[in-house]
There are 2 protein chains.
Amino acid sequence: MTGASDSKPRTRIQQKNSETILEAALDVFSTYGFRGATLDQIAEVAGLSKPNLLYYFPSKEAMHQALLTRLLATWLDPLRDLDPKGDPLDEILGYVKRKVELSRDFPRESRLFANEILQGAPRMRDAIEGELKTLVDEKAKVLQGWMDQGRIARLPPVHLVFSIWALTQHYADFDAQTRAVLGAGHDPFAEAGDYLDTLFRKLLAP
Amino acid sequence: MTGASDSKPRTRIQQKNSETILEAALDVFSTYGFRGATLDQIAEVAGLSKPNLLYYFPSKEAMHQALLTRLLATWLDPLRDLDPKGDPLDEILGYVKRKVELSRDFPRESRLFANEILQGAPRMRDAIEGELKTLVDEKAKVLQGWMDQGRIARLPPVHLVFSIWALTQHYADFDAQTRAVLGAGHDPFAEAGDYLDTLFRKLLAP
DNA sequence: GTCTATATCTTGATAGAC
DNA sequence: GTCTATCAAGATATAGAC
């Protein structure tokens, strides 16, 4: 009707089933990685038959690709929001905060990404060398500018970004470990939010 | 001859082949995770036939278990070395340095560990809730003592340990990403060593 | 100790009835 | 659109010759 915008789902039921499938696929891919995941598992989680999955997506590969595509936008948006005109400390601490929230609210997405990079990023290489690198380079210049103005401590900007990623995503990716070590009665993400705010305040003080 | 000490390898050729197999298994498991890895791949990397692999290890599971067991010791030793009687800053920076070196020299081990935790630590749960947690609790007390004495900044000790893990292991686990973003002409691990030394100096200053 | 051959099960994907 | 049945390839593991 409205012409081909981009992908498959046209009717409402198709839209809904595609969503159900991707949701289930996210569960399984994020835990077992691409090769470790099976269509049987995804079908079971989705509550649909295996052939039905393949009615909506042409292949296992296509499901994975669909997830990665939507993931990248979600993942990079907070960094994209880093405003060169804002207050340096506010901007960076805001970015850290949003990344902690992402880890808390979308841990499966974080693990899907981690799985992909761990395996050498075979299905995301282009995005990482292109879109992601471009954005990091751009924001690294912003950080460098702030450092040159003496508004935040002088640190290698790209490694500073790596630190934010490593520290925030750790709580999603290594959730099994952090919970086991902290023991019951802890809210890892709440504690992480406070702790990382403190950490970056100290680190960035000129 | 000498009685059963612990595991399989007795003769020299057995010792050597077991090593070759574990080396190959580490390659494959660390990249694809347990379920994503196949004996065919491991056999090819090892340069041995598939049945020959299973002559030395009773199952795929057993190979993985053998790797995890030896991994845990390597992984915890540097933390175990943290000396309560030493200078706080030296001890912590020394630990960070050793962890960076581990990431540089044993990235596959780091990724094997990451894969296992990402999947919810199904084959390491006991070790994490036991040995690892015990050690962290013990060292957290040491850190807390130093903080109470005003010798380093007051921070949640367990989260401080998480930070060290996250920041150092990131360079091994996300190697594909860091190299892509940094571009050619960079030595990620050398830069990480300097950067993290600076970072923790600032963070721990009382 | 090592290999070829193979048993057995699982997996991604398709055919075709409904 | 959804299901049952099924195929062909790939998976772990074993049998048995050498």
Side-chain angles (χ1 to χ4, degrees), chain A residues 1 4 7-68 112 115-116 119 122-123, chain B residues 1 4 7-68 112 115-116 119 122-123:
Chain A
M1 274 283 187
S7 54
K8 285 122 239 155
R10 277 157 213 170
T11 75
R12 255 163 240 160
I13 189 163
Q14 281 177 334
Q15 177 65 40
K16 180 170 168 292
N17 275 344
S18 290
E19 268 314 309
T20 305
I21 291 167
L22 285 181
E23 178 69 13
L26 177 56
D27 248 49
V28 180
F29 282 132
S30 68
T31 301
Y32 297 105
F34 179 74
R35 292 190 38 177
T38 72
L39 292 182
D40 276 306
Q41 284 181 287
I42 298 173
E44 187 178 340
V45 174
L48 294 169
S49 71
K50 195 161 49 162
N52 210 358
L53 260 58
L54 293 163
Y55 171 78
Y56 287 96
F57 293 88
S59 66
K60 178 183 176 183
E61 188 75 47
M63 290 177 212
H64 194 251
Q65 197 56 55
L67 286 172
L68 286 186
L112 179 70
N115 252 312
E116 174 65 12
Q119 297 177 19
R123 299 157 221 275
Chain B
M1 274 287 187
S7 55
K8 286 121 238 155
R10 275 156 213 171
T11 73
R12 254 164 240 158
I13 189 164
Q14 281 176 333
Q15 177 66 39
K16 180 170 168 291
N17 276 343
S18 290
E19 268 314 309
T20 305
I21 291 168
L22 285 181
E23 177 69 14
L26 177 57
D27 248 49
V28 180
F29 282 132
S30 68
T31 302
Y32 296 105
F34 179 75
R35 292 189 38 177
T38 71
L39 291 181
D40 275 307
Q41 284 180 288
I42 298 173
E44 185 176 342
V45 174
L48 295 169
S49 71
K50 197 162 40 163
N52 209 359
L53 259 58
L54 293 163
Y55 171 78
Y56 286 96
F57 293 89
S59 66
K60 178 184 176 182
E61 188 75 50
M63 288 176 212
H64 194 250
Q65 196 56 54
L67 286 172
L68 286 186
L112 179 69
N115 253 309
E116 174 66 12
Q119 297 177 18
R123 300 156 221 276

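Convention: sequence-line order gives letters A, B, ...; per-chain numbering from 1.
- Across the protein-nucleic acid pair, A:Glu61 atom CD and C:dA13 atom P stand 8 Å apart, rounded to whole Å.
- The interatomic distance linking B:Met63 (CE) with D:dT12 (C1') rounds to 10 Å, in whole Å.
- In plain terms, the two heavy atoms of A:Ala46 and A:Ile21 that are nearest each other are CB-CA, 4.5 Å.
- At a threshold of 4.0 angstrom between heavy atoms, the contacts of B:Leu39 are confined to the sugar-phosphate backbone, with no base atom among them.
- Distances shorter than 4.0 Å separate none of the side-chain N or O atoms of A:Asn52 from OP1 or OP2 on D:dG1.
- Protein atom CD of B:Gln14 is 9 Å distant from nucleotide atom C1' of C:dG1, rounded to whole Å.
- Dashed line: the shortest gap from a side-chain N or O of A:Asn17 to OP1 or OP2 of D:dT2 is under 4.0 Å.
- With rounding to the nearest 0.5 angstrom, the CD atom of B:Glu44 is 13.0 Å from the CG atom of B:Leu39.
- A straight line from CD of B:Gln41 to C1' of D:dT12 spans 14 Å, rounded to a whole angstrom.
- Of the candidate nucleotides C:dA13, C:dG1, C:dT4, C:dT4 has the atom lying nearest to any side-chain atom of B:Ser49.
- The shortest distance between the side-chain N/O atoms of A:Tyr56 and the OP1/OP2 oxygens of D:dT2 is below 4.0 Å.
- Within residues 28-38 of chain B, the residues that have a heavy atom under 4.0 Å from DNA chain D are, in order of number, B:Ala37, B:Thr38.
- When distances are taken from the side chain of A:Pro51 to each of C:dT2, D:dC3, D:dG1, the shortest belongs to D:dC3.
- Of the listed residues (A:Leu48, A:Val28, A:Leu22), just one forms a side chain to side chain contact (heavy atoms under 4.5 Å, CB included) with A:Ile42, and that residue is A:Val28.
- Side-chain proximity of B:Ile13 to C:dG1, D:dT2, D:dT12: nearest is C:dG1.
- Nucleotide C:dT14 holds its C1' atom 14 Å from the CG atom of A:Leu53, rounded to whole Å.
- The two atoms that bring B:Tyr56 and B:Ser18 nearest to each other are CD2-OG, 3.8 Å, heavy atoms only.
- Rounded to whole Å, atom P of D:dG10 lies 13 Å from atom CD of B:Glu44.
- For B:Gln65, the side-chain contact (heavy atoms from CB on, under 4.5 Å) partners are B:Leu68, B:Thr69, B:Arg123, not counting sequence neighbours.
- For B:Lys60, the listed nucleotide lying nearest its side chain is D:dT12; candidates were C:dT14, D:dT14, D:dT12.
- In this entry the distance linking CG of A:Leu54 with P of D:dT6 reads 19 Å, nearest Å.
- Of the candidates C:dT2, D:dT2, D:dA13, D:dT2 carries the atom nearest the A:Tyr55 side chain, counting heavy atoms from C-beta on.
- Contact annotation: the side chain of A:Phe29 never approaches that of A:Glu116 to less than 4.5 Å [non-hydrogen atoms, C-beta and beyond].
- No side-chain heavy atom of B:Gln41 sits less than 4.5 Å from a side-chain heavy atom of B:Thr31.
- Distance B:Asp40 CG to C:dT4 P: 13 Å, rounded to the nearest Å.
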